[in-house]
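Down below is the structure, laid out as structure tokens.
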Amino acid sequence: MNIKKTTSESKPEKEINRSWKRFKANKRGYYSLWLFVILFGLSLFAEILSNDKPLLVYYQNSFYVPVLKVYPETTFGGDFETEADYVDPYVKTLLNENGNWAIYPPNPFRYDTINYYSQRPNPAAPSQDNFLGTDDRGRDVLARLIYGFRLSVLFAFVLTIIGVVIGVFAGAVQGYFGGKIDLYAQRVIEIWGSMPELYLLIIFASLFEPSVLLLIVLLSVFGWMGLADYVRAEFLRGRNMEYVKAARALGLSNRAIMFRHLLPNSMTPVVTFLPFRISGAILALTSLDFLGLGVPPTTPSLGELLAQGKDNIEAWWLSMSTFVVLVGTLMLLIFIGEALREALDTRRG
């Protein structure tokens with residue numbers, strides 16, 4: 001006798017499956033998610049896609065991996081003990097004669113590689129050597145876009161995670177306990193939110209050396225307040241519901257009720273706003289770099305490329321290529337956010 005086994009899904013699993021089906025039904029957001037994941041995944045391997053060092057060298061019956069290890073020029077028959085300059089035509093000749101060979105990345109330039117052998121003044125227009133041209137210092141624009149895109153997205157991820165953690169904790173404490181805690185916390189948030197963020201950034205930029213870490217710290221102390229308001233409202237609405245009263249009657253601690261029962265039911269606005277917060281962080285970094293208040297000048301940055309495009313109006317490839325990358329990234333994140341908002345809307349079938 002065969003007994004047919006049936007598997008049953010829990011209520012959270014069913015809701016997740018329904019939300020995922022609603023998300024997939026939004027083709028624009030679904031394909032935008034895949035495209036963004038692919039582009040960001042490729043940017044994580046920027047050193048392999050765009051680098052002035054060969055990926056693999058075969059020289060005199062031995063294999064070398066310059067992209068991972070530093071080799072002096074004398075290793076390949078050169079004259080100097082310093083690291084080999086693989087862009088130098090002399091070194092290239094050594095690596096491609098007498099049966100030797102080298103495999104270069106698709107774009108043979110790093111973000112800080114200066115093309116000293118270009119026959120045209122900088123900024124140089126797109127050519128066979130530099131697919132998107134060079135900036136005013138002779139650096140490859142495509143390489144700086146790849147590395148700049150990766151830096152912007154990673155910066156946005158870190159800033160969003162920190163803002164979500166602080167915002168969720170602050171909003172949960174305010175909404176759950178209410179009373180004087182909520183009243184005093186709201187006054188502190190109002191005072192802190194009225195601080196001139198841009199002026200503080202200018203002051204700290206003049207006192208400290210610009211860095212990505214400094215920007216994350218300064219933007220994190222302001223970036224959590226908007227999300228805290230949504231979490232606070234959800235906790236204020238949910239703290240008097242029957243399942244919370246039942247949990248209190250069973251003797252559960254406030255911490256268990258807040259983060260085991262209330263928080264999962266209050267995550268909808270948090271998850272919905274994540275793509276929009278990421279896009280806002282990317283735009284904030286680009287704006288600060290454009291104003292010269294962001295990362296150091298040597299760091300690859302979309303805002304720094306836009307500033308160069310402003311200073312060199314005739315070099316259309318600087319502003320146009322950066323504009324396409326920036327606007328394309330923001331559009332993908334907005335489409336993902338819209339699809340996520342529709343997917344988490346329980347009123348939809």
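Side-chain atoms are counted along with the backbone in the values below, which use heavy atoms only and exclude waters and symmetry mates. As the structure is a prediction and not an experimental result, all values here were calculated from the model.
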Exercise: identify the closest heavy-atom pair between [X] and [Y]:
X: Gly163; Y: Trp224; answer: O-CB, 3.6 Å
X: Phe23; Y: Ala339; answer: CE1-CB, 3.5 Å
X: Leu94; Y: Phe76; answer: CD1-O, 3.4 Å

> Would Val65 and Leu55 count as a side-chain contact (heavy atoms from CB on, under 4.5 Å) if you check the C-alpha gap in whole Å, the side-chain angles of each, and the deciding distance to 0.1 Å?
Replying inline: CA-CA 6 Å; Val65 188; Leu55 303 177; over 6 Å; no
To the closest 0.5 Å, what do you measure between [atom1] ([X]) and [atom2] ([Y])?
X: Leu288; Y: Leu219; atom1: CG; atom2: CG; value: 6.0 Å
X: Leu183; Y: Gln174; atom1: CG; atom2: CD; value: 10.0 Å
X: Lys245; Y: Asn240; atom1: NZ; atom2: CG; value: 6.0 Å
X: Leu201; Y: Ser287; atom1: CG; atom2: OG; value: 11.5 Å
X: His261; Y: Arg248; atom1: NE2; atom2: CZ; value: 11.0 Å
X: Asp129; Y: Gln119; atom1: CG; atom2: CD; value: 9.5 Å

Would you say [Y] ends up clustered with [X] if hydrophobic residues are merged whenever their side chains have heavy atoms under 4.5 Å apart, either directly or through other cluster members?
X: Leu213; Y: Leu151; answer: no
X: Ile161; Y: Val37; answer: no
X: Val173; Y: Val168; answer: yes
X: Phe155; Y: Ile166; answer: yes
X: Tyr116; Y: Phe80; answer: no

>> Donor-acceptor check, side chain of Trp316 to backbone of Ile313, threshold 3.5 angstrom: yes or no?
In response: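 A pair under 3.5 Å: no.
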>> Quick check on salt bridge (Lys or Arg N to Asp or Glu O under 4.0 Å): which of Arg137, Arg144, Lys310 does Glu304 satisfy it with?
In response: Arg144
>> Restricting to side-chain hydrogen bond (donor to acceptor under 3.5 Å, both in side chains), what partner residues turn up for Asp289, sequence neighbours left out?
In response: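 Once residues adjacent in sequence are excluded, the partners of Asp289 under the side-chain hydrogen bond (donor to acceptor under 3.5 Å, both in side chains) criterion are Ser301.
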> Which residues pass the side-chain hydrogen bond (donor to acceptor under 3.5 Å, both in side chains) test with Thr160, sequence neighbours left out?
Replying inline: none
> Using the ring of each side chain (for Trp, its six-membered ring), is Trp20 parallel, tilted or perpendicular to Tyr30, with breaks at 30° and 60°?
Replying inline: perpendicular
>> With a 6.0 Å cut-off on the ring centroids, do Tyr31 and Trp34 count as close?
In response: no
>> Is the distance from the ring center of Phe157 to that of Phe40 below 6.0 Å?
In response: yes
> Applying salt bridge (charged side-chain N to carboxylate O under 4.0 Å, His left out), which residue pairs with at least one partner in residues 77-104 are found, sequence neighbours left out?
Replying inline: Lys53-Glu83
> Please walk me through it: do Thr322 and Leu318 pass side-chain contact (heavy atoms from CB on, under 4.5 Å)?
Replying inline: CA-CA 6 Å; Thr322 310; Leu318 289 174; 5.6 Å; no
